[in-house]
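Structure first, commentary second.
Whatever order the structure lists ligands and atoms in, that order sets their numbers, starting from 1. Computation of the quantities below employed the complete heavy-atom set of this structure, encompassing side-chain atoms and omitting hydrogens, waters and symmetry-equivalent molecules.
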Amino acid sequence: MASHTNNKRKITPDLIEQFYDLFSPCRLCPRECRVERKKGELGNCRAGQKLKVASYHQHFGEEPPLVGKFGSGTIFFSHCNLHCVFCQNYEISQLGQGRTISTEELAQYMLNLQTLGCHNINLVTPTPWIPQIVEALSIAQTQGLHIPIVYNCGGYESVSTLKLLEGIIDIYMPDIKYSDDRNAEKYSKVQNYWSVVKSALKEMYRQVGNLKCRHGIAESGLLIRHLVLPNSLAGTRDCFKFIAEELSKDTVVNVMAQYYPTFNAYKYPEINRRIKLQEYREALNILKEFGLDSGFQQTIDTIYRKIIPEWGEWS
Ligand code: SF4
């Protein structure tokens with residue numbers, strides 16, 4: 001049973017300082033590069049000293065409980081601590097596309113998104129920039145930011161950093177990408193992904209529990225994404241087994257079908273194609289087998305019928 005707390009935590013200067021302490025030498029994520037980012041040194045993610053953001057906008061392509069009527073207030077951060085060879089946002093995550101901005105500007109982006117009516121602030125790939133994000137949140141919150149904060153990440157997170165985020169993040173939206181470390185190493189250039197993601201997801205769940213919605217809009221909780229890869233390379237069965245047995249059968253899981261070979265995927269013949277309808281169906285069957293098929297899942301099914309037209313109608 002989760003002992004999550006939903007109390008908002010006040011972001012004090014002391015707390016911000018604790019995040020900046022993790023920034024240099026950098027131990028923000030499990031890679032623990034220990035580079036002096038304050039002096040401009042670059043670690044594995046190639047994120048430097050100055051905050052970089054690629055874009056911010058109302059996003060209508062996220063999960064329905066995040067999008068609602070007015071969209072998810074999405075902010076795309078440059079760089080990533082994973083290096084997925086099939087990344088759909090590789091210009092931003094791998095090539096570091098983006099603009100250097102101040103924490104005051106970031107706070108203003110958040111307030112602008114709230115003014116547009118967005119239902120949340122959706123931080124995409126926030127991990128290398130957590131101190132600046134928390135600082136910006138403290139500025140924005142004193143100016144009236146009140147909508148939920150979504151932490152949208154690849155699942156390769158440090159439990160000690162997550163613990164510091166307790167009470168700041170309302171909705172965690174991590175990926176669970178692989179259950180086999182060899183595949184994680186081959187396709188995302190990371191070691192120990194499986195043990196790291198399991199610990200990270202347990203901590204997220206401890207903090208926020210299952211997804212809670214009001215009038216169909218997410219307010220808090222955990223929402224997990226799983227991208228089905230060709231040839232069962234995501235290890236779907238073990239991922240869902242872990243979620244059902246070690247988190248909760250009521251966990252909301254978005255089984256994503258939109259994989260397509262982009263960036264460097266062409267170098268790996270086994271992932272150089274879209275998934276087949278049968279592979280997606282198989283993933284949904286496993287989801288059902290573990291009792292994870294919440295009502296929300298049905299909505300997701302419907303969406304994918306639209307985005308992969310070559311699959312045609314379900315029979
Ligand atoms: S955030 Fe970047 S620099 Fe810091 S530990 Fe992780 S990969 Fe290394």
Side-chain angles (χ1 to χ4, degrees), residues 11 15-54 75-103 106 122-137 149-166 168-169 172-178 181 183-204 207 263-264:
I11 302 172
L15 183 58
I16 295 171
E17 202 46 51
Q18 287 183 59
F19 282 108
Y20 274 108
D21 182 57
L22 290 173
F23 179 72
S24 204
C26 194
R27 291 102 67 213
L28 281 170
C29 87
R31 290 193 188 266
E32 300 211 359
C33 302
R34 296 184 179 269
V35 290
E36 294 289 351
R37 289 183 58 188
K38 278 184 192 158
K39 294 182 186 159
E41 288 179 12
L42 305 181
N44 178 281
C45 64
R46 315 306 291 163
Q49 182 190 6
K50 299 236 168 87
L51 174 63
K52 245 167 105 183
V53 166
I75 304 176
F76 283 91
F77 293 90
S78 308
H79 302 287
C80 183
N81 66 342
L82 294 178
H83 304 290
C84 304
V85 297
F86 49 81
C87 181
Q88 297 177 7
N89 295 324
Y90 69 93
E91 294 98 334
I92 300 169
S93 67
Q94 306 304 310
L95 308 182
Q97 201 177 76
R99 195 168 75 82
T100 298
I101 61 163
S102 65
T103 49
L106 179 58
N122 182 352
L123 308 165
V124 183
T125 330
T127 315
W129 305 110
I130 295 169
Q132 291 88 343
I133 290 170
V134 172
E135 192 177 4
L137 280 170
I149 308 301
V150 184
Y151 193 93
N152 179 344
C153 68
Y156 194 68
E157 301 293 315
S158 153
V159 169
S160 50
T161 306
L162 289 172
K163 280 186 189 293
L164 276 182
L165 286 168
E166 182 164 8
I168 296 174
I169 302 301
Y172 283 105
M173 187 161 65
D175 294 327
I176 186 163
K177 287 177 179 291
Y178 313 95
D181 283 343
N183 292 338
E185 195 158 356
K186 186 171 182 186
Y187 305 120
S188 293
K189 314 301 172 200
V190 68
Q191 292 183 336
N192 307 319
Y193 180 84
W194 183 227
S195 57
V196 167
V197 75
K198 284 191 291 183
S199 303
L201 266 54
K202 280 182 185 172
E203 173 59 21
M204 292 174 187
Q207 289 183 27
F263 190 35
N264 284 321

What residues, two or more places apart in sequence or in another chain, satisfy salt bridge (Lys or Arg N to Asp or Glu O under 4.0 Å) together with Asp21? Arg27
Backbone of His83 reached by a side-chain donor or acceptor of Tyr90 within 3.5 Å: no
Looking only at atom types and distance, does a side-chain atom of Asn81 sit under 3.5 Å from a main-chain N or O of Cys29, one as donor and one as acceptor? no
Measure the acute angle between the ring planes of Phe86 and Tyr187, then classify it against the limits of 30° and 60° as parallel, tilted or perpendicular. tilted
With atom 6 (Fe) of ligand 1 as the centre, enumerate protein N/O/S atoms below 2.8 Å in chain and residue order. Cys29 SG
If the threshold is 4.0 Å, N to carboxylate O, is there a salt bridge linking Lys38 and Glu36? no
What are the two closest heavy atoms between Ala200 and Val159, and how far apart are they? N-CG2, 4.2 Å
